[in-house]
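For reference, the structure discussed in these notes is given below.
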Amino acid sequence: MARKRIILRVIVLFLTIFLHFSVSLSESEADILVKFKESLENTGALSNWNNNISPCKGDDENWVGIFCWNGTVWGLQLENMGLGGTIDMEALTKLPNLRTMSFMNNNFEGPLPNLTLISGLKSIYLSNNKFSGEIPSNAFNGMLYLKKVHLANNQFSGPIPASLAGLPKLIELMLENNQFDGEIPMFAQDRMRNFNVSHNQLVGEIPLSLNNFSASAFDGNRDLCGVPLASCSSPDQLTIGTIIMVAILVAAALAALVVVVIILRRRTQPPQQLAGAVAAGAAVFQQGEKKANAVDLDRIEQGQAGSSGSSSPEKSSRGKKSEPNMKITFLREDREKFDMADLLKASAEILGSGVFGSTYKAALNDGQMMVVKRFRYMNNVNKEEFYEHMRRLGRLNHPNLLPIVGFYYRKEEKLLVADYMERVSLAVHLHGNRSRSNSCPDWPTRLKILKGVVKGLLYLYNELPSLTAPHGHLKSSNVLLDRSYTPLLTDYGLVPVVNPEQAQEHMISYKSPEYKTSGRITKRTDIWSLGILIIETLTGKFPSNFLQQGKSSDTNVAAWVESVTGDDGDMEVFDADMDRTENAEGEMMKLLKIGLDCCQTDADRRPDIKEVAEMIEEVKEKGS
Ligand SMILES: *[C@@H]1O[C@H](CO)[C@@H](O)[C@H](O)[C@H]1NC(C)=O
Ligand SMILES: *[C@@H]1O[C@H](CO)[C@@H](O)[C@H](O)[C@H]1NC(C)=O
Ligand SMILES: *[C@@H]1O[C@H](CO)[C@@H](O)[C@H](O)[C@H]1NC(C)=O
Ligand SMILES: *[C@@H]1O[C@H](CO)[C@@H](O)[C@H](O)[C@H]1NC(C)=O
């Protein structure tokens, strides 16, 4: 009997100790909030925050400024209270159910609090305070549930943090009346409902995904352009583009004159055509003088002098280097030839400007539409190697590749000329403004597009076996669509000619997990880009996390994939705007699985291109 009692006492003792510890280990929400309050200043409005009574009773609040649900705090609303001091995020991390926080209309100062500590946060309201300073680009990393971010009317400066553009759930972003500068990151959230960046110092083109907001969302910035503001190809902008063209042409015209002079000296009787050319050259030269400014001309002339030597015409005509690079080198026989003059005369329109340079659309006299892409940063190989590589790319011929029609070579920049595609890129169809003639492709169309992409890629693997990444820059904006939605890959095979620094910084291959871990790309790197493309096409979600420019972006594609695909078997992953055929779900799932397979972090576990081609051919429009 006595022994039993002792055992009982020991058990009770243990239980008491255990209970004591577990209580002191898990602070109550009241303790946590009282501790949080200590870091604030001027807390008169929070006088009823004390441990005598618990903050929540069921769904009701006993304290001011909090929201309760089922006995626990899920929100803080401390607005208009004259609060100052610091916001102790460390303390708040201990509130397991906190989802929303508002500190609007107070006197908080200093940098943005570290929000990533509360990764489950759905909304944060900090407008109308005195927060200031640059926000680190990764300040919103991993906040997969964040829907609303209000930072308006503060003094934040520096670029808009890139991590914001990668948030999969973001629908509201208010940044007006700060001092944000730089360009607006590539927001691709198709569900963005509220957006305002007015009255900052922003510059550059407004991303496509944001151009259905009214102009007042962008007003009062330093230099923003594009819908809904003035078009980036407005007369002003066009002149800049034209100046470059004119400058190049002037150099070409000068060189042409030199050549003509030489020929005139050699033959007494100049052919009719050449005389015409002289006149045309002179006319264009005058036009050029009018448009281009002296600095540009100087620069170009020096460049020209540098590349062909400052020798006299006779001497240079004998030298090997004499051939002035004034004409477009055509890679295809089946095209009507034109030259820089034709391009210049064409009414040009800037289609976009990327890291490597701008893209123009040019309508030639005969109605032919061409796309001209300017590339800077293409000096990885010397001139001979460049010509050789271009000829190699020019020989490629496949219904799913956009052929390179020709190119223009200068040391500082290259122009690649290709056919213009009516339906622009897959990216525009997936993420662009659908009200403007870019219809949303249905499931059979998307399947057809992806099948075509894989065929094009398979061809590249076969034809360019020496390239580690035969495409190298596969992404939805490099998949163009013709009238019948046949995909045509573009910007392929350029890895060898692009300068390594720029390639590493901007090309998709170098965003792959293998490049991150081993500093190398492999034969299966393009497969990874293909996987991303498949998932993007099926979900309609933009992989902004890894497409952000620059090295600073966190390339957490795994998190992106997880955030867009969610629990497996969940049909909601598919783009809700995608019309489906009957019983297509099983087939869509099959394709999604191929995409996921291709995205595996371990490159060796990804299927190879032949396997992908076989698997994707088996996916049908309709299930049985
Ligand atoms: C409410 O809280 C109680 C106890 O904390 C818990 O057992 C219950 O599951 C909760 N109810 C809901 C709907 O989550
Ligand atoms: C914010 O918190 C995260 C998570 O604890 C941490 O990794 C990061 O370094 C913090 N950032 C700053 C600027 O303190
Ligand atoms: C812009 O378009 C998106 C998606 O089409 C829509 O959800 C949003 O409400 C639109 N915004 C405005 C301001 O019209
Ligand atoms: C954006 O903010 C400015 C300044 O507060 C306001 O005038 C404008 O109406 C807002 N526009 C939108 C679309 O929210």
Side-chain angles (χ1 to χ4, degrees), residues 67 74-77 79 97-104 112 115-116 118-128 135 137-154 156 160-178 180 184-198 200 202 206-218 227-228 427-428 430-435 440 535-536 538-545 547-548 556 559-567 570-578:
F67 296 124
W74 68 269
L76 290 181
Q77 189 180 32
E79 299 175 0
N97 300 304
L98 190 60
R99 294 293 174 268
T100 177
M101 290 196 291
S102 175
F103 299 97
M104 292 207 286
L112 181 79
L115 300 173
T116 57
I118 306 182
S119 57
L121 211 58
K122 290 185 170 172
S123 44
I124 175 77
Y125 302 87
L126 299 176
S127 296
N128 301 309
I135 304 179
S137 74
N138 63 1
F140 295 89
N141 266 9
M143 303 197 69
L144 298 179
Y145 307 97
L146 199 55
K147 287 180 143 176
K148 303 182 181 182
V149 176
H150 289 228
L151 306 179
N153 302 311
N154 280 289
F156 288 116
I160 295 176
S163 50
L164 274 174
L167 298 180
K169 293 242 158 76
L170 192 68
I171 53 173
E172 249 178 62
L173 180 63
M174 313 309 274
L175 302 179
E176 66 267 26
N177 296 309
N178 280 285
F180 287 109
I184 302 178
M186 181 70 194
F187 284 98
Q189 283 87 349
D190 46 2
R191 303 193 223 97
M192 194 78 92
R193 279 195 226 128
N194 240 327
F195 184 87
N196 202 329
V197 291
S198 61
N200 280 286
L202 299 166
I206 295 169
L208 222 49
S209 54
L210 298 174
N211 54 27
N212 66 341
F213 289 100
S214 74
S216 72
F218 303 97
V227 186
V428 170
L430 291 178
H431 315 298
N433 187 344
R434 275 160 193 168
S435 60
C440 172
I535 297 172
E536 179 185 351
L538 286 177
T539 62
K541 306 277 192 318
F542 189 73
S544 22
N545 260 343
L547 292 183
Q548 275 155 26
N556 196 349
W560 173 75
V561 170
E562 206 170 285
S563 74
V564 295
T565 54
D567 305 329
D570 182 0
M571 279 301 154
E572 278 175 25
V573 307
F574 297 111
D575 189 350
D577 292 339
M578 173 170 72

| Student check: side-chain heavy atoms of L115 and L146 closer than 4.5 Å | no

| field | Qualifying residues under side-chain hydrogen bond (donor to acceptor under 3.5 Å, both in side chains), relative to N177, sequence neighbours excluded | value | N153

| task | Could you check if a side-chain atom of T116 sits within less than 4.5 angstrom of a side-chain atom of M143, using non-hydrogen atoms only? | result | yes

| note | So CG of L538 and CE of M578: to nearest 0.5 Å the spacing works out to 5.5 Å

| task | Could you tell me whether the side chain of F180 reaches within less than 4.5 Å of the side chain of I135, counting heavy atoms only? | result | yes

| task | Could you tell me which residues satisfy side-chain hydrogen bond (donor to acceptor under 3.5 Å, both in side chains) with S119, sequence neighbours excluded, listed by chain and number? | result | none

| Between F218 and F195, how do the two ring planes meet: parallel, tilted or perpendicular, split at 30° and 60°? | tilted

| What residues, two or more places apart in sequence or in another chain, satisfy side-chain contact (heavy atoms from CB on, under 4.5 Å) together with N196? | M174, E176, S198, A217

| request: Only counting residues at least two apart or in another chain, list the ones meeting ring-ring contact (aromatic ring centres under 6.0 Å, His included) with F140. | output: none

| task | Starting at CG of L175, measure out to CD1 of I184 and round the result to the nearest 0.5 Å. | result | 9.5 Å

| Min side-chain heavy-atom separation Y145-L121 under 4.5 Å | no

| note | Minimal heavy-atom distance between N154 and N128, with the atoms involved, is ND2-N, 3.9 Å

| task | Please answer whether the main-chain N or O of A152 pairs with a side-chain N or O of S127 as donor and acceptor at a distance below 3.5 Å. | result | yes

| remark: Interatomic distance, NZ@K147 vs OG1@T100, rounded to 0.5 Å, equals 11.5 Å

| message | Counting C-beta onward and ignoring hydrogens, is there a side-chain heavy-atom pair between K122 and K169 closer than 4.5 Å? | response | no

| query | Is the backbone N or O of N200 less than 3.5 Å from a side-chain atom of N178, with the two atoms forming a donor-acceptor pair by type? | reply | no

| task | For N194, check side-chain hydrogen bond (donor to acceptor under 3.5 Å, both in side chains) against everything at least two apart and list the hits. | result | none

| With sequence neighbours left out, what residues match K148 under side-chain contact (heavy atoms from CB on, under 4.5 Å)? | S123, Y125, H150, I171, E172

| remark: In terms of heavy-atom contacts, G120 and R99 come closest through O-CD, 3.3 Å

| query | So how far is it from L112 CG to I124 CD1, rounded to the nearest 0.5 Å? | reply | 7.5 Å

| query | Taking all atoms of both residues into account, what is the closest heavy-atom pair of N138 and S163, and its distance? | reply | C-OG, 3.5 Å

